[in-house]
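By convention in this document, chain letters (A, B, ...) are assigned in the order of the sequence lines, proteins followed by strands, and residues within each chain are numbered from 1.
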Number of protein chains: 2
Amino acid sequence: MSVGIRHDDLRRRNRAMVISAVRRAGHPSRTEIAATTGLSHSTISAISSDLIQEGILAESRASESVSLKRGRPQVGLSLNPEAAAVLAVVLSLNFLSVAVIDYAGQVVAEEQRRLDTLTMSRDELIGECVAIVRRQLEDPDLDVQSVARIALAIQGITDSSARAMLWSPITPQTNIAFADILEDEFGIPATMENDCNMMAVALRWRDPDRYRDDFIAILLSHGIGMGLVLKGELFTGTHSSGGEFGHMIHRPGGALCRCGRRGCVEAYAGNYAIWRNARQLSENAEPVADVSDADMRALATRARETDGPEREAYRKAGEALGFGLGSLFALIDPAPVAMVGASAAAFDLIEPALREAIAQTAGGQHSGSISFDTEPNELPLIREGCAMRALSFVDQEIFAPGVQARGGSAGKNVA
Amino acid sequence: MSVGIRHDDLRRRNRAMVISAVRRAGHPSRTEIAATTGLSHSTISAISSDLIQEGILAESRASESVSLKRGRPQVGLSLNPEAAAVLAVVLSLNFLSVAVIDYAGQVVAEEQRRLDTLTMSRDELIGECVAIVRRQLEDPDLDVQSVARIALAIQGITDSSARAMLWSPITPQTNIAFADILEDEFGIPATMENDCNMMAVALRWRDPDRYRDDFIAILLSHGIGMGLVLKGELFTGTHSSGGEFGHMIHRPGGALCRCGRRGCVEAYAGNYAIWRNARQLSENAEPVADVSDADMRALATRARETDGPEREAYRKAGEALGFGLGSLFALIDPAPVAMVGASAAAFDLIEPALREAIAQTAGGQHSGSISFDTEPNELPLIREGCAMRALSFVDQEIFAPGVQARGGSAGKNVA
DNA sequence: AGTATTTTTTCGAGGCTCGAAAAAATAAAG
DNA sequence: CTTTATTTTTTCGAGCCTCGAAAAAATACT
């Protein structure tokens, strides 16, 4: 049962509106905020005055140019970078990275590290993550008190409450409650996110016009992942991170997938599958652990040059993706798609078969109008999404002092 | 951009909470409502007193027994049946029905009518719908002023704004804006709903324990349809009613589907497909227009008796449904499933292959725990869902007098 | 009849948003 | 350089809304 609205929730929510309006718009004036939120000028004035006093917002005097107009000039509001900081940690195959981001969204420090995730023990894996976070928190330039959130993204399935990794292709370990581990270690609220979901979050921030309420981000990499935004909200499963597009069934009983089952989309479109087909190996051949980006590029080059098994492998990948998307579109209606990851660079080889396949499906009735965008570099996107996710959380914590005042660095210091 | 919360929205929403608490609970006391909504006793007292004065709620004195306890007895609140009425219209293959439902949810009048939807012209189809509604509205026992909503459910695809039928298997006509037509004709707000979505709505009301936040209703009939509730809300596509489970691709390039494409789940599991396979016709054979329920029952009987092509046909249906559900579960995580419609009576023939197939998919990892429920009669369910949908809408209109006071029969008449 | 107990209503306090008016800050005009 | 026009922002009182505490109401128990 959803609960009634208390009187004090009202202020809390409207504060949130103001903060998120500022985060979205950059340097909006109070008047602009009033317009986008629909609240009255008096309310905006009261709320923003509070937020400034609390050190969350700051007046960014003389907002550049716009002194052309007549009356009193607008004074832009911006996020105070020092109001808080967050950590974005990204754990992917053989690679761990962390970034410290200030409240305004700027990266203030970062570190990257290669490791061998596939062979590491559970404790080693956890230890590396904890250690890389600790190194950042020990940086003397950073006010540890201001760190309000850690978001950790991982390639794999996470639980719907964003606490734990349930399964991941980058490690044989399962069920690691990273969020709890980090919280216990550092006393900072933490979440465990799915990498593809973070890609989607980032795309939304990067290009809100193109990726607004409904869109799909597909990771074309060793495996196939998906982040889905529907009706303006990240779509997650009911128990897990959900959206296991790569493991929808393309051909019942078909090619052997890395997950041990048969006929998944990934078993035709993942790097290992393209590799396997290009080598004309059996569909039952055990998936290889990793194919280097260089090898995949070579494969793509060869596929472009001659009409051999390499080209056919990409064709099959496109077909699998197309039918998979078609089935997906049958459920959710078509939406813009962003193809992310190394294999997105070979999308020219994939697209024809993909479009041909999708046109044969219920979801592909207007397949011509479905737009595909490519972004070969997934890591920056994932980190960016992580950061925005963590910052949005902070937005929702700092403005909720009615429930539990955060004793952080943003105390009242003026009146 | 979501809009800020105005001060008067607060009352409006809390009124809604109270009304829906009463609709859900039956005869809750004010104290019980306070408990479920989390609002204070004083607030509940004020709101319910308003609602009673406005004729929306009524005190149902001496709520049966519970005079066992000591203190002042609770006085149950109930919906005033005369506060409003709604019409539920269901249009399915060769069949049109309407029911008048009072505000408390009781059917007060109904009419059913056979017609030949497949051959009717556009105007005839619209005319029949308008006529059957008109006949109910002209009933002298009915206060036309009190009719606050018409909900029309149709088998087929509707648009996401619930205004029009886009496509339906029961008629060659497309794009009929039934909601607008009915509104123009009678001046009563109307909506156009998808039949399977209404099934899901009804299941939620019928058995809220089993069908709470996440579940799936699948219609096994001539075609295959689905209604999906995720996180407590009806899931619809972004442009259309969405959830075209029957047209997810089971086998690329496979059996000919009624929709003209190949390999859809429906092309294996719809009545016509089972019929086609049982007759050992080619997968390319044109789907028949209709198979009678009696024929399907005979088919099922024969399948149970001998291990022939009939049994194999049901096995194939189960397999298609299983792989389809597996792909669906890969996206949304497993959830309870209700199998509705005539073929649900033959679910014993379908289930083994279904479970075997689903176990081979990513979504079926715990396939043993997925529960299936069967309900052979879809029509009452659809009508019930329609009625509840319409009533919920009324709940949200009557309690919103701040925006636009409804001048209906529920005016203030005491103070 | 009196007491205990539970439900419901009443009443004042505290908050929040809103509209209108005032104040502030600038460009244009004289 | 002063005045006027214009636009943004703040101030202030009014009107609601919810809440907690206390009172009132209605019944069972003694």
Please confirm whether the shortest side-chain N or O distance from [X] to OP1 or OP2 of [N] is below 4.0 Å.
{"X": "B:R6", "N": "C:dC18", "answer": "yes"}
{"X": "B:N14", "N": "D:dT18", "answer": "yes"}
{"X": "B:R30", "N": "C:dT9", "answer": "yes"}
{"X": "B:R11", "N": "D:dC16", "answer": "no"}
{"X": "B:T31", "N": "C:dT8", "answer": "yes"}
{"X": "A:T43", "N": "C:dC18", "answer": "yes"}

Distance (rounded to the nearest 0.5 Å) between B:N197 CG and B:C386 SG: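 One gets 10.5 Å once the value is rounded to the nearest 0.5 Å.
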
Provide, to the nearest angstrom, the distance between the [atom1] atom belonging to [X] and the [atom2] atom belonging to [N].
{"X": "A:R70", "N": "D:dT6", "atom1": "CZ", "atom2": "C1'", "value": "6 Å"}
{"X": "A:H41", "N": "D:dC12", "atom1": "NE2", "atom2": "P", "value": "19 Å"}
{"X": "B:L77", "N": "C:dT7", "atom1": "CG", "atom2": "P", "value": "14 Å"}
{"X": "B:E59", "N": "D:dA25", "atom1": "CD", "atom2": "P", "value": "15 Å"}
{"X": "A:D9", "N": "D:dC17", "atom1": "CG", "atom2": "C1'", "value": "13 Å"}
{"X": "A:R13", "N": "C:dT17", "atom1": "CZ", "atom2": "P", "value": "12 Å"}
{"X": "A:L10", "N": "D:dG15", "atom1": "CG", "atom2": "P", "value": "19 Å"}
{"X": "B:R12", "N": "C:dT17", "atom1": "CZ", "atom2": "P", "value": "16 Å"}

Name the closest nucleotide to the [X] side chain, picking from [options].
{"X": "A:S42", "options": "D:dA26, C:dT5, C:dC18", "answer": "C:dC18"}
{"X": "A:Q74", "options": "D:dC29, D:dT6, D:dT9", "answer": "D:dT9"}
{"X": "B:P73", "options": "C:dT26, D:dA26, C:dC18", "answer": "D:dA26"}
{"X": "B:R72", "options": "D:dA24, C:dA25, D:dT10", "answer": "D:dA24"}
{"X": "B:S45", "options": "C:dC16, C:dA25, C:dT8", "answer": "C:dT8"}
{"X": "B:L39", "options": "D:dC29, D:dT9, D:dC19", "answer": "D:dC19"}

Please find the pair of heavy atoms, one from B:A190 and one from B:L182, that lie closest to each other, and give the distance.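 For B:A190 versus B:L182, the nearest heavy atoms are CB-CB, 4.0 Å.
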
Quick test of your reading of the model: are B:E59 and B:R30 salt-bridged, counting only N-O distances below 4.0 Å?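 Judged by the 4.0 Å cut-off on N to carboxylate O distance, B:E59 and B:R30 do form a salt bridge.
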
Can a salt bridge be assigned to the pair B:E54 and B:R15 using a cut-off of 4.0 Å between side-chain N and carboxylate O?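 A salt bridge links B:E54 with B:R15.
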
Yes or no on side chain to side chain contact (heavy atoms under 4.5 Å, CB included) for B:R24 and B:T36, after CA distance, side-chain angles and deciding distance? CA-CA 11 Å; B:R24 263 199 295 268; B:T36 60; over 6 Å; no

Step by step, work out the side chain to side chain contact (heavy atoms under 4.5 Å, CB included) result for B:H41 and B:T31. CA-CA 7 Å; B:H41 286 190; B:T31 311; 3.9 Å; yes

Comparing A:G71 and A:S29 on DNA chain D - which has the more 5′ nearest nucleotide: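 The residue whose closest nucleotide sits nearer the 5' end is A:G71.
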
By nearest nucleotide on DNA chain C, pick out whichever of B:A46 and A:S40 is the more 5' one.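 In this pair, the answer is B:A46.
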
